[in-house]
Engineer: 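Structure in structure tokens, see below.
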Amino acid sequence: MPELPEVETVRQTLLPLLKNKVIVDVDIYWDNCVITKDFKHKITGQHIQDILRYGKYLVFVLDEDVMISHLRMEGKYYIHQPRKKAHHEHVVFHLNSDEYLTYHDTRKFGKFELISKSMYLEVPPLSLLGKEPKDSDSRSLYQKLTHKRIPIKMAFLDQHIIAGLGNIYVDETLYRAKIHPLKPCDKITQKEVVSLIKHATDVLEHATSLGGSTIRTYHAVHGVDGKFQNELKVHTKKDEPCERCQTPIIKIKVGGRGTYVCPTCQKQ
DNA sequence: CCCGTGCCCTGGCGGC
DNA sequence: TGCCGCCAGGGCACGG
């Protein structure tokens, strides 16, 4: 569930709390969430110099490596004093401040990976990541879309095409741009691409400024809840009147994803 | 290359 | 009340 605004909120929350701390040990309780072998040995002793974000990926900049962390659906970080291990806590980083950074993930979908600092942008997953909407130019995005027949919503969920959007913010972007999520990419005009980039940029920026959205079980860091869920126009609004035309919002499936759409405003 | 499907996971919910 | 099956979904592997 965390998309760009939620991940950015996590980054901003964690950075001042973790900057310059040393990872003195790591406990891994669920091996499958750690891709790198010898993770514990390699990360031990490294400082957290910085925390960056690319799309929905968090990048902890250490001394020799970066730790790439993807929260997927329900991954969360907590910082706290020593205590008994909690349910669904899969990785615990011991810090030199006698605090613990713990990673909590009910569905165990999140992943950790260590890659050397000198090459992490040149190898997957980050080498394959598309540009974020704010950095996208309409000409090259239009070129990426124009030969595809998949629905525009699926293309905007594909992080190789454009990075940072997930199910919530794609629905909001398409609503604002008045484009139907099922519209095939090869029917999208250059002008619509310009509009999509603008609305995606705006919605992500607005959501980030409000700390992201807190829906379902997601919240950024313990005690930090977003406010953008109050600004949603279509997502989760099934049967509620469209703000623009009063037509009830409907819920459909697009590529297997629950999708909210105004059947009047959003034309195919 | 392009696209669709299934997998990974678990808690929560609807149905009986 | 209890149990079963289904759903949610980001990213990737795999197959046609």
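Just so it is clear: chains get the letters A, B, ... in the order the sequence lines come, proteins before strands, and each one is counted from 1. A quick note: this is a predicted structure, and the numbers were derived from the prediction, not measured.
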Engineer: Hey, what do you get for CG (A/Leu165) to CD (A/Glu132), rounding to the nearest 0.5 Å?
Structural biologist: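 Rounded to the nearest 0.5 Å, the CG-CD separation comes to 9.5 Å.
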
Engineer: How many Å lie between CD1 on A/Ile168 and P on C/dG9, as a whole number?
Structural biologist: 9 Å

Engineer: Tell me: CD1 of A/Ile161 to C1' of B/dC1, nearest whole Å?
Structural biologist: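 Rounded to the whole Å, the gap is 13 Å.
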
Engineer: Base, sugar-phosphate alone, or nothing: which one does A/Gly258 contact when heavy atoms must sit under 4.0 Å apart?
Structural biologist: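 A/Gly258: backbone/sugar contact only, no base atoms under 4.0 Å.
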
Engineer: Are A/Lys253 and C/dA8 close enough that a side-chain N or O sits under 4.0 Å from OP1 or OP2?
Structural biologist: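 Result: yes.
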
Engineer: OP1, OP2 of B/dC1 versus side-chain N and O of A/His147: anything below 4.0 Å?
Structural biologist: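 For B/dC1, neither OP1 nor OP2 has a side-chain N or O of A/His147 closer than 4.0 Å.
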
Engineer: Considering only heavy atoms and no angle criterion, is a donor-acceptor pair shorter than 3.5 Å present between the side chain of A/Arg257 and the base of C/dA8?
Structural biologist: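 Donor-acceptor pair under 3.5 Å: no.
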
Engineer: Starting at atom CG of A/Leu129, determine the distance to atom C1' of C/dG10, rounded to an integer number of angstrom.
Structural biologist: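 Roughly 12 Å, once rounded to whole Å.
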
Engineer: Between C/dA8 atom P and A/Lys238 atom NZ, what is the distance in whole Å?
Structural biologist: 12 Å

Engineer: Are OP1 or OP2 of B/dG11 and a side-chain N or O of A/His88 less than 4.0 angstrom apart?
Structural biologist: yes

Engineer: Just to confirm, is there a sub-4.0 Å distance from OP1 or OP2 of C/dG11 to any side-chain nitrogen or oxygen of A/Lys111?
Structural biologist: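 For C/dG11, neither OP1 nor OP2 has a side-chain N or O of A/Lys111 closer than 4.0 Å.
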
Engineer: Is the shortest side-chain N/O distance from A/His160 to OP1 or OP2 of C/dG11 below 4.0 Å?
Structural biologist: no

Engineer: What's the OH-P distance between A/Tyr103 and B/dC9, to the nearest Å?
Structural biologist: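 My rounded result for the distance is 13 Å.
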
Engineer: In whole angstroms, how far is the C1' atom of C/dA8 from the NE2 atom of A/His235?
Structural biologist: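 A/His235 atom NE2 is separated from C/dA8 atom C1' by 10 Å.
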
Engineer: Are any side-chain N or O atoms of A/Glu8 and backbone N or O atoms of A/Arg53, one a donor and one an acceptor, separated by less than 3.5 Å?
Structural biologist: no

Engineer: What is the separation between atom CZ on A/Arg107 and atom C1' on B/dT10, rounded to the nearest whole Å?
Structural biologist: 6 Å

Engineer: With a cut-off of less than 4.0 Å, is there a side-chain N or O of A/Asn32 near OP1 or OP2 of B/dC9?
Structural biologist: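 The answer is yes; a side-chain N or O of A/Asn32 sits under 4.0 Å from OP1 or OP2.
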
Engineer: Could you state the interatomic distance from NZ (A/Lys19) to NE2 (A/His47), rounded to the nearest 0.5 Å?
Structural biologist: 11.5 Å

Engineer: Return the pairing partner of C/dT1 with a 3.5 Å limit on both distances, Watson-Crick or G-U wobble; otherwise return none.
Structural biologist: none

Engineer: Is it true that A/Tyr169 and A/Phe228 have ring centroids separated by less than 6.0 Å?
Structural biologist: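 Yes.
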
Engineer: Looking at B/dC3, I'd like to know if its phosphate oxygens (OP1 or OP2) sit under 4.0 Å from a side-chain N or O belonging to A/Lys148.
Structural biologist: yes

Engineer: Contact class for A/His87 (heavy atom, under 4.0 Å): base, sugar-phosphate, or nothing?
Structural biologist: sugar-phosphate

Engineer: Pick the nucleotide of DNA chain B nearest each of A/Lys108 and A/Pro151; which residue has the one closer to the 5' end?
Structural biologist: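 Residue closer to the 5' terminus by nearest nucleotide: A/Pro151.
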
Engineer: Mind checking if A/Asp105 touches a base, just sugar-phosphate, or nothing, with heavy atoms under 4.0 Å?
Structural biologist: nothing

Engineer: Is the count of non-hydrogen atoms from other residues, nucleotides or ligands lying under 6.0 Å from A/Lys183 atom NZ greater than 12?
Structural biologist: yes

Engineer: Rounded to whole angstrom units, what separation is found between the CZ atom of A/Phe109 and the P atom of C/dC12?
Structural biologist: 13 Å

